[in-house]
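Below is one structure, written out as structure tokens, with a few remarks after it.
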Number of protein chains: 2
Amino acid sequence: MNDQLEKKSKPRRKNEEAILSAAAAVFAELGFAGATTNLIAQRAGIPKANLHYYFPTKEALYRTVTNQIFSVWLEAAETFDDCDDPTDALSRYIRAKMMISRKYPLGSKVWAQEIMHGAPQIQDFLDHTVKNWTASRIKIIERWIAQKKINPIDPTYLLYMIWATTQHYADFAHQINTMNDGHNLSDQQFEDAINTVIDIILHGIGLGESGEA
Amino acid sequence: MNDQLEKKSKPRRKNEEAILSAAAAVFAELGFAGATTNLIAQRAGIPKANLHYYFPTKEALYRTVTNQIFSVWLEAAETFDDCDDPTDALSRYIRAKMMISRKYPLGSKVWAQEIMHGAPQIQDFLDHTVKNWTASRIKIIERWIAQKKINPIDPTYLLYMIWATTQHYADFAHQINTMNDGHNLSDQQFEDAINTVIDIILHGIGLGESGEA
DNA sequence: GTCTATAGAATGATAGAC
DNA sequence: GTCTATCATTCTATAGAC
């Protein structure tokens, strides 16, 4: 029993990982309702009944996927330091969010669809963790404004702008690829995108240097 | 026959409108797969079989909804004039996109989900209309850069930033409301958001005046 | 044009042999 | 732990009475 709780058996660990990986992809592509346990099991390379052995319901599986998304969100949140230099804090945060869009686009898509569906599963996380974090960062930005370090813009809409722009590279990757002649952005193109976003936002709030370039 | 083609009967027109309105809402909330013809019919106030009389398949209904979205997209696209003043052209376009997010949030959500699902229905529109429009606007922005009217940023990523930021107010309205203590943004708040977005982007590319304020 | 009833297919989930 | 077989439900779509 101790054994099963602390270090799961090898096949269990392997199967759970395969299922979660397949589930993230299918939920991102088709949404919760569109995803079928049959398809997830196929992509994970196991029979459907086996999936239900590890995750009793589709909803339980979906919950596990959204929980993984929280940890990624928190990872990015921590890069927005409470430091006195807005150029540093913002360019680090924007870069971190952009890299997450590139590395974990599935999580971003699941998040986006969850919000569009009214956040049936993650409302609690929005109400507490996200809201508190946002309030604390708004205070930091307001302090920068009071210290005349940046222009007097509304911090809330600045944050929304950063979220929207960075997550766009995950959620709308298909559209971006279409505009790019059907190819994924190369590493160089993605680096250009990061620097353009940092440049426009920093200049946009009155910070002359982008920290890059 | 001429009658039926040119001026549809009154109940037909009324029912089709009710169905399309309900369908846009349900597709936006639940995605194509999650939407059921039963639910759409209920919201339209008619029996399910009647819905299938007007729209033979769920996909035909969905296609009609996405076609309506195209006309809204084109409406906004036209506000981005080929004029010599970047401040005018961009602030008009951003404001138009923001107003569309407020007025037609359902269309924006359907579009977003369609992209996340790989654009099974609108790929053709992306490949031609959207791509050509984007290419022509990139040329205009490049001309502004050559004329030293704006900073030398990459036009593509500027456009993505505008799309992402403005559509965020439709697609992520639920998250924005949660941050706003569960209330929709008031007209005044939304006006502040528009002006903040215009202000940051215009300053971000080296235009001192926002055309507002 | 409208609606009841239902066919036919797909899905989430489980029982029970191995 | 794994997998075959299957149940119960739900969904799209249609037939046919009115």
Side-chain angles (χ1 to χ4, degrees), chain A residues 1-27 29-66 110 113 117 120-121, chain B residues 1-66 113 117 120-121:
Chain A
M1 194 185 207
N2 203 348
D3 230 41
Q4 282 169 4
L5 285 178
E6 296 206 334
K7 47 170 191 168
K8 299 168 178 175
S9 73
K10 207 175 287 179
R12 169 176 285 273
R13 180 185 303 275
K14 183 169 149 284
N15 281 333
E16 283 183 352
E17 275 174 19
I19 293 167
L20 283 171
S21 168
V26 175
F27 284 134
E29 275 173 41
L30 302 171
F32 178 78
T36 65
T37 52
N38 197 4
L39 180 58
I40 294 171
Q42 272 180 33
R43 295 239 195 138
I46 58 165
K48 180 175 57 162
N50 208 353
L51 181 150
H52 280 98
Y53 169 71
Y54 288 107
F55 297 92
T57 66
K58 183 163 108 166
E59 192 176 317
L61 178 54
Y62 184 71
R63 263 179 207 280
T64 308
V65 170
T66 55
V110 173
Q113 292 183 76
H117 300 180
Q121 306 286 342
Chain B
M1 194 182 206
N2 202 350
D3 230 41
Q4 283 169 4
L5 284 178
E6 296 205 336
K7 47 170 188 168
K8 300 169 178 175
S9 73
K10 207 175 287 177
R12 169 175 283 272
R13 182 187 300 275
K14 184 168 149 283
N15 280 333
E16 283 183 353
E17 275 174 19
I19 292 167
L20 283 170
S21 168
V26 174
F27 285 135
E29 276 173 39
L30 301 171
F32 178 79
T36 66
T37 52
N38 196 5
L39 181 59
I40 295 171
Q42 272 181 30
R43 295 239 194 137
I46 57 164
K48 181 176 54 164
N50 209 353
L51 181 150
H52 280 98
Y53 170 71
Y54 287 106
F55 297 93
T57 66
K58 181 163 108 168
E59 192 176 317
L61 178 54
Y62 185 72
R63 263 179 206 279
T64 308
V65 170
T66 56
Q113 292 183 77
H117 299 4
Q121 306 287 342

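The chains referred to below are lettered A, B, ... by the order of the sequence lines, with proteins before strands, and numbering in each begins at 1. Note that this is a predicted model, so its numbers are computed, not measured.
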| said: Among C/dA13, D/dG1, D/dC3, which nucleotide has an atom closest to any side-chain atom of A/Lys58? | reply: C/dA13
| A/Ser21 side chain to A/Ala18 backbone, donor-acceptor under 3.5 Å | no
| note | Of D/dT12, D/dT2, C/dA13, the nucleotide closest to the side chain of A/Thr57 is C/dA13
| field | B/Gln113 side chain vs B/Ala28 backbone, donor-acceptor pair below 3.5 Å | value | yes
| query | In whole angstrom, what separates B/Leu51's CG from C/dG1's C1'? | reply | 14 Å
| request: Specify the separation, in whole Å, of atom CD of A/Gln42 and atom C1' of C/dA10. | output: 13 Å
| request: Report the distance from atom CG of A/Asn38 to atom C1' of C/dG12, rounded to the nearest whole Å. | output: 10 Å
| task | Take A/Phe55 and A/Thr37 through the side chain to side chain contact (heavy atoms under 4.5 Å, CB included) test and state the conclusion after the steps. | result | CA-CA 10 Å; A/Phe55 297 92; A/Thr37 52; over 6 Å; no
| request: Tell me what A/Ala35 touches on the nucleic acid: a base, only sugar-phosphate, or nothing, going by heavy atoms under 4.0 Å. | output: sugar-phosphate
| message | Please classify the nucleic acid contact of A/Phe55 as base, sugar-phosphate, or nothing, using heavy-atom distances under 4.0 Å. | response | nothing
| Does A/Tyr54 make a side-chain N or O approach to OP1 or OP2 of D/dT2 shorter than 4.0 Å? | yes
| query | Between atom CD1 in A/Ile40 and atom C1' in C/dT11, what is the gap in whole Å? | reply | 12 Å
| Taking for each residue the nucleotide of DNA chain C bearing the nearest heavy atom, is the 5' side occupied by B/Lys48 or by A/Ala33? | B/Lys48
| task | Calculate the interatomic distance between A/Asn50 atom CG and D/dT4 atom C1'; express it in whole Å. | result | 12 Å
| request: Figure out the OH/P separation between A/Tyr53 and D/dG1, and round it to whole Å. | output: 4 Å
| request: Side-chain contact test, heavy atoms from C-beta onward, threshold under 4.5 Å: evaluate it for A/Tyr62 versus A/Gln121 and give yes or no. | output: yes
| request: In whole angstrom, give the distance that lies between atom CG of A/Leu30 and atom P of C/dT11. | output: 11 Å
| message | From C-beta outward on B/Ser9, which listed nucleotide comes closest to its side chain: C/dA13, D/dC3, C/dG1? | response | C/dG1
| message | Quick one: does any side-chain atom of A/Lys48 pair with a main-chain N or O of A/Thr36 as donor and acceptor, under 3.5 Å? | response | no
| query | Over how many whole Å does the gap from A/His52 atom NE2 to D/dA8 atom C1' extend? | reply | 14 Å
